[in-house]
K.L.:
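Here it is: the structure, laid out below.
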2 protein chains.
Amino acid sequence: MRTPERSDRRPAGDDPADAIAAAWSRERPETPVGSIGVVTRIWQLAKHFGDDRRRVLAEAGVDPATLDLLSVLRRSGPPYTMSTRDLAVHSLVTAGAISQRVARAERDDLVTRRPAPGRSRAVLVELTPAGHELVERTVDRVLAREAQLLERLGPERREELAELLRELLDDVQDELKVQGVSHVGHEGLDQPGQG
Amino acid sequence: MRTPERSDRRPAGDDPADAIAAAWSRERPETPVGSIGVVTRIWQLAKHFGDDRRRVLAEAGVDPATLDLLSVLRRSGPPYTMSTRDLAVHSLVTAGAISQRVARAERDDLVTRRPAPGRSRAVLVELTPAGHELVERTVDRVLAREAQLLERLGPERREELAELLRELLDDVQDELKVQGVSHVGHEGLDQPGQG
DNA sequence: AGATCTGAATTTAGCGCTAAACATACAACG
DNA sequence: CGTTGTATGTTTAGCGCTAAATTCAGATCT
């Protein structure tokens, strides 16, 4: 199950996900370990990317969740304004979380909040100049750092990987949609943060 | 940059990560968007897997962080005992988080905690019968559900993906180690949870 | 009109995490 | 021996998230 000789920096078999699957099989031979090679690694990579991003942003005095909010607004183009509803759809977190993100960003003068003119009880959130500036100052740094973490993989394998991930994400979203998951959203700078 | 015709369930170009990269390029043409196809998708998949696991476990009355702790102990084999130090190394969270996880699990009678006999100030954590039972009752359910989410990908592509992820994880861990990251650990059931 | 339903945003309770401060236990050095 | 160092665990402050309760505006029914 383990393909040999691909890393010469680390002895074969020292892979954390393989070790987990092997331990389950040893202790409980019937355990269905087939998903571990994909799911565990995705989780661990997300954790590493998230922690690293938090550290990079701490130097600039922001947190990932705030930058995520500002980035969605920045990327939407002039007039850098969206309803909280739309923000929730684009952020993969609950409406309550968006409300809190906006409140924090408003406290720090990074966005303003006002009732929408005509429609119902909607609220429009707009980037302030300070918020705009903060995005400009940090986005490239974050993305460049992430590019650096992918560098060793090489462009071809990175593309292969992106393609397989695209396919899996599409499958998973369909599967979850079928089972009636509510917040179907999915964007961000490209990632929130968890404390 | 976008490979055409691979999904017939979703019109090409409707991919969330592609949409993000395209929006950055439109608004800020110099933005280094190369990593988004991999990093964003990994983040989103981790979020979906994590949310789904939380829902599955809620039915059994556990949270992912607790099951993660119990799983590390269960997988270690008899006598199902580890020091908190070792638990931290195997869990990809800080020592403080482990201390809290153990405290919660002890409150619920899933583990016991006692000072190690000889050595230093170490503390040994041991699975109780109730904790053992809880693992047996839930692990297969969680892993089977995750296998179901991967099912559509097919076995060959799943193996390709696992292999690319293994390589990337190895690269990223090396890169972070060089820069002096402390908690080098990495295991779990295979994933904690973020509240 | 009054009652009820629906949709949108916010608030609250509670959890889990990080970082940093704190508290020990043991070891080594002078 | 006392100080200093090192390794380990716990505690605390503060953040961000979820789920559920709440508030409020407008639409619909009778």
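Throughout, protein chains are lettered first and strands after them, A, B, ... in sequence-line order, and every chain is numbered starting at 1.
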K.L.:
Ignoring the backbone of B:R85, work out which of D:dT8, D:dG16, D:dC17 is nearest its side chain.
P.N.:
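For the B:R85 side chain, the nearest candidate turns out to be D:dT8.
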
K.L.:
Would you indicate which nucleotide in D:dG9, C:dC17, C:dG16 comes nearest to any side-chain atom of B:V123?
P.N.:
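Given the options D:dG9, C:dC17, C:dG16, the side chain of B:V123 is closest to D:dG9.
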
K.L.:
C:dA19 phosphate, OP1 or OP2: any side-chain N/O from A:R54 under 4.0 angstrom?
P.N.:
yes

K.L.:
Would A:R41 and B:D170 pass as an ion pair if we require N to O under 4.0 Å?
P.N.:
no

K.L.:
With a non-hydrogen cut-off below 4.0 angstrom, is A:T84 in contact with a base, only sugar-phosphate, or nothing?
P.N.:
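Sugar-phosphate, no base atom in range.
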
K.L.:
Taking the nucleotide of DNA chain C with the closest heavy atom to each, which residue, A:S83 or B:I98, is nearer the 5' end?
P.N.:
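The 5'-side residue here is A:S83.
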
K.L.:
Given atom CZ of A:R107 and atom P of C:dT11, what is their separation to the nearest angstrom?
P.N.:
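Those two atoms, CZ and P, are 14 Å apart.
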
K.L.:
Nearest to the B:A122 side chain among C:dT18, D:dG9, C:dT10, which nucleotide is it?
P.N.:
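Nearest nucleotide to the side chain: D:dG9.
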
K.L.:
Taking atom P of D:dC17 as reference, at what distance in whole Å does atom CZ of A:R104 sit?
P.N.:
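From A:R104 CZ to D:dC17 P: 5 Å.
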
K.L.:
Tell me: CZ of A:R53 to P of D:dG16, nearest whole Å?
P.N.:
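Value for this atom pair: 15 Å.
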
K.L.:
Go through the structure and list residues passing side chain to side chain contact (heavy atoms under 4.5 Å, CB included) with B:E160, not counting sequence neighbours.
P.N.:
A:E160, A:L164, B:R157

K.L.:
Taking only nitrogen or oxygen atoms into account, show me every contact under 3.5 Å that the protein makes with nucleotides 21-24 of chain C, one pair per line with its distance.
P.N.:
from	atom 1	to	atom 2	distance (Å)
C:dT24	O2	B:R121	NE	3.1

K.L.:
Work out how much the helix from C:dA1-D:dT30 to C:dG30-D:dC1 bends between its end axes, five pairs an end, to the nearest 10 degrees.
P.N.:
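Inter-axis angle at the ends, rounded: 10°.
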
K.L.:
To the nearest angstrom, how far is A:R55 atom CZ from C:dA19 atom P?
P.N.:
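In whole Å, C:dA19 P and A:R55 CZ are 7 Å from each other.
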
K.L.:
Could you tell me how far apart A:Q100 (CD) and D:dT22 (P) are, to the nearest whole angstrom?
P.N.:
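After rounding, the reported distance stands at 17 Å.
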
